[in-house]
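In what follows, every chain begins at residue 1, and chains take the letters A, B, ... in the order their sequences are listed.
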Protein chains: 2
Amino acid sequence: MPVERPRRRIPEATVARLPVYLRILIEQANEEVESISSDGLAELAGVNAAKVRKDLSYLGSYGTRGVGYEVAFLVYQIRRELGLTHDWPVVIVGAGNLGQALAGYGGFGQRGFPVAGVVDIDPSKVGSVIAGVRVRHIDDLDQIVQTRHVNIGVVATPPSAAQDAADRLTRAGVTSILNFAPVVLAVPNGISVRKVDLAVELQILSYYEQRRMGVGLQAIGSSDSGRGASA
Amino acid sequence: MPVERPRRRIPEATVARLPVYLRILIEQANEEVESISSDGLAELAGVNAAKVRKDLSYLGSYGTRGVGYEVAFLVYQIRRELGLTHDWPVVIVGAGNLGQALAGYGGFGQRGFPVAGVVDIDPSKVGSVIAGVRVRHIDDLDQIVQTRHVNIGVVATPPSAAQDAADRLTRAGVTSILNFAPVVLAVPNGISVRKVDLAVELQILSYYEQRRMGVGLQAIGSSDSGRGASA
DNA sequence: AGGCATTCGTGCGCGCGTTCACAAAGTCCG
DNA sequence: CGGACTTTGTGAACGCGCGCACGAATGCCT
Ligand SMILES: NC(=O)c1ccc[n+]([C@@H]2O[C@H](COP(=O)([O-])OP(=O)(O)OC[C@H]3O[C@@H](n4cnc5c(N)ncnc54)[C@H](O)[C@@H]3O)[C@@H](O)[C@H]2O)c1
Ligand SMILES: NC(=O)c1ccc[n+]([C@@H]2O[C@H](COP(=O)([O-])OP(=O)(O)OC[C@H]3O[C@@H](n4cnc5c(N)ncnc54)[C@H](O)[C@@H]3O)[C@@H](O)[C@H]2O)c1
């Protein structure tokens, strides 16, 4: 087992696919599969086999020619590369419709992202309990972030309050934000932001739907980051 | 006003940005802004000005040199290009935690994606009412899709049932799917699939968080499809 | 009317990511 | 033990999207 890796830079596109491989590999491990080929993994992930090999090669040469990859070891390596060897507690800002669904969703904790806290600005929301987590006032954000060592914040407020939520998060020391509000957030340098915008997704689908109507049936290009696909 | 457009192919990356421009332009229109420059729009969208101009040029030459773009007209053009001149009713499969949050969210209807129906396989869920929509049994899916002319389906079932849900949707005639379950869906040719995987998003953030720890503070590349950003 | 400032539209080069194709490496079996 | 077979790892070609840079068009001011 190698002691220290050289930490080469991994392309963004690859980083976005590693979690998909990881999920599939964990499933395979649960089904007692011990080894998998790039072809096999590619099929399950819905991507090209060469892409799989190149992606995995960024982690090092952990395959065995003529055989494939040892599932358990690959799981370990990807986990390590993605920084999933320890938990990343998250704090959710906004305990509305969506915030409650997120907080109540067990999948996050299972995957290493326990909900360290849920905060809201509305006094009537504060104090209520969602899936065992008590909603606290947004003024407690700093304290939650510091005592629970939170690096990742989730913005689930109305669009008008999203920038304020992001400001409070970064001020509290959070360095990564997952934004569900349909607004472009301005954040200081060095802060990572990813957004999930359902309306945008639907509108992209709408574009291809409309196109399908206009011209005769036509193949839809698969989208970047492995986000879209058509088979 | 041009009568018919030549229907050139629009790059995927551009299609993914048009909804963002659209949202911003609608906001500007609401604030009585009549005209906007590519620079102004670029700033609000957090992208390069040349990119904005190139993106908009796919719609046609609708800008005025020395002035900018007429907001209202641009809204109309983007709407038209994205196929948002009429509503696209959607059907939600899975009335759980997430499905209820989605159905209860008014933002979809406002943006032209009214919820035509919510279906579930669990008899105890069937009949309950979410935000005015009655949950129906999944066996009614075909009927809903046909009578309401649904083209877009949303999968909000547990991962184990997601493929089944997708199969039922395509069999019912749906040609676009938005998938929230963390699985790779297999669908027939010509069906568009986009996925929203929160665990993947968090794991990508985790990667950069971990990296930030290892090496000294470092700029995070903005991600594809305009999904990530850092400022 | 003319000149100046502004902003669009786009040709072009560059860098990144995808894919092909193949040699190297290792397995498996007779 | 050797040869056939399998599968990896990666060099190289390709294509796409990004951003610069600049000509062209238009408005505005004197
Ligand atoms: N619910 C969905 O299915 C869904 C789907 C797509 C997008 N979204 C987006 O997610 C966001 C949340 O949606 P929702 O349906 O949960 O809205 P919601 O109105 O139900 O909840 C928003 C919550 O944020 C709280 N809040 C407001 N300002 C705040 C502030 N400054 N700081 C902290 N908390 C604050 C409110 O008190 C409220 O509890 C919105 O931006 C929405 O556009 C939601
Ligand atoms: N809740 C969240 O915040 C969240 C976050 C990320 C991802 N997800 C994903 O979204 C999906 C739904 O999550 P959830 O929390 O709503 O789960 P849930 O268990 O609360 O709801 C799932 C619903 O789907 C129904 N269902 C099961 N099999 C079905 C079938 N074959 N056809 C139709 N309906 C069926 C169930 O009866 C249930 O009502 C899951 O795949 C989950 O991983 C949810």
**Item:** Partners meeting side-chain hydrogen bond (donor to acceptor under 3.5 Å, both in side chains) with B:R79 (sequence neighbours left out)
**Value:** none
**Request:** Report, as a single string ordered 5' to 3', how protein heavy atoms within less than 4.0 Å touch nucleotides 21-30 of chain D: B base, S sugar-phosphate only, - not at all.
**Result:** B-BBBBS---
**Complete:** For A:N151, the side-chain contact (heavy atoms from CB on, under 4.5 Å) test, sequence neighbours excluded, returns A:W88, A:T175, B:E209, B:M213
**Request:** Flag yes if more than 12 heavy atoms outside A:Q163 fall under 6.0 Å of its CD atom; otherwise flag no.
**Result:** yes
**Item:** Exceeds 12 heavy-atom contacts within 6.0 angstrom, atom CD of A:E34
**Value:** no
**Item:** Distance test, side-chain N/O of A:Y62 to OP1/OP2 of D:dT7, below 4.0 Å
**Value:** no
**Message:** Output the rounded distance in Å from CG (B:L56) to P (D:dC18).
**Reply:** 13 Å
**Asked** Any sub-3.5 Å donor-acceptor pair from A:R212's side-chain atoms to B:G190's backbone N or O?
**Response** yes
**Prompt:** Which is it for A:Y21 and A:V47 under the side-chain contact (heavy atoms from CB on, under 4.5 Å) test, yes or no, and what are the steps along the way?
**Reply:** CA-CA 10 Å; A:Y21 300 150; A:V47 301; 4.0 Å; yes
**Rounded distance (Å) that lies between atom P of C:dG15 and atom CZ of A:R9** = 13 Å
**Asked** Would you say D:dG19 has OP1 or OP2 under 4.0 Å from some side-chain N or O of B:K51?
**Response** yes
**Request:** Send over the distance from A:K54 NZ to D:dT7 C1', rounded to a whole Å.
**Result:** 16 Å
**Asked** Does the salt bridge (charged side-chain N to carboxylate O under 4.0 Å, His left out) test come out yes or no for A:E12 and B:R211, once each step is laid out?
**Response** CA-CA 13 Å; A:E12 172 92 16; B:R211 199 136 242 271; over 6 Å; no
**Prompt:** Does OP1 or OP2 of C:dG17 have a side-chain N or O of A:N48 closer than 4.0 Å?
**Reply:** no
**Complete:** Between OH of A:Y58 and C1' of D:dT8 the distance, given in whole Å, is 16 Å
**Request:** Report the distance from atom CZ of A:R17 to atom C1' of C:dT19, rounded to the nearest whole Å.
**Result:** 12 Å
**Message:** Can you pull out the residues from residues 30-39 of chain B that lie within a 4.0 Å heavy-atom distance of DNA chain D?
**Reply:** none
**Rounded interatomic separation in angstrom, taking CG from B:L74 and C1' from C:dG9** = 14 Å
**Message:** Quick check on C:dG9: is either OP1 or OP2 less than 4.0 Å from any side-chain nitrogen or oxygen of B:Y69?
**Reply:** yes
**Message:** Suppose we screen for side-chain hydrogen bond (donor to acceptor under 3.5 Å, both in side chains). Which residues come up paired with A:D39, at least two apart in sequence or across chains?
**Reply:** none
**Prompt:** Excluding sequence neighbours, so at least two apart, what forms side-chain hydrogen bond (donor to acceptor under 3.5 Å, both in side chains) with A:T14?
**Reply:** A:D55
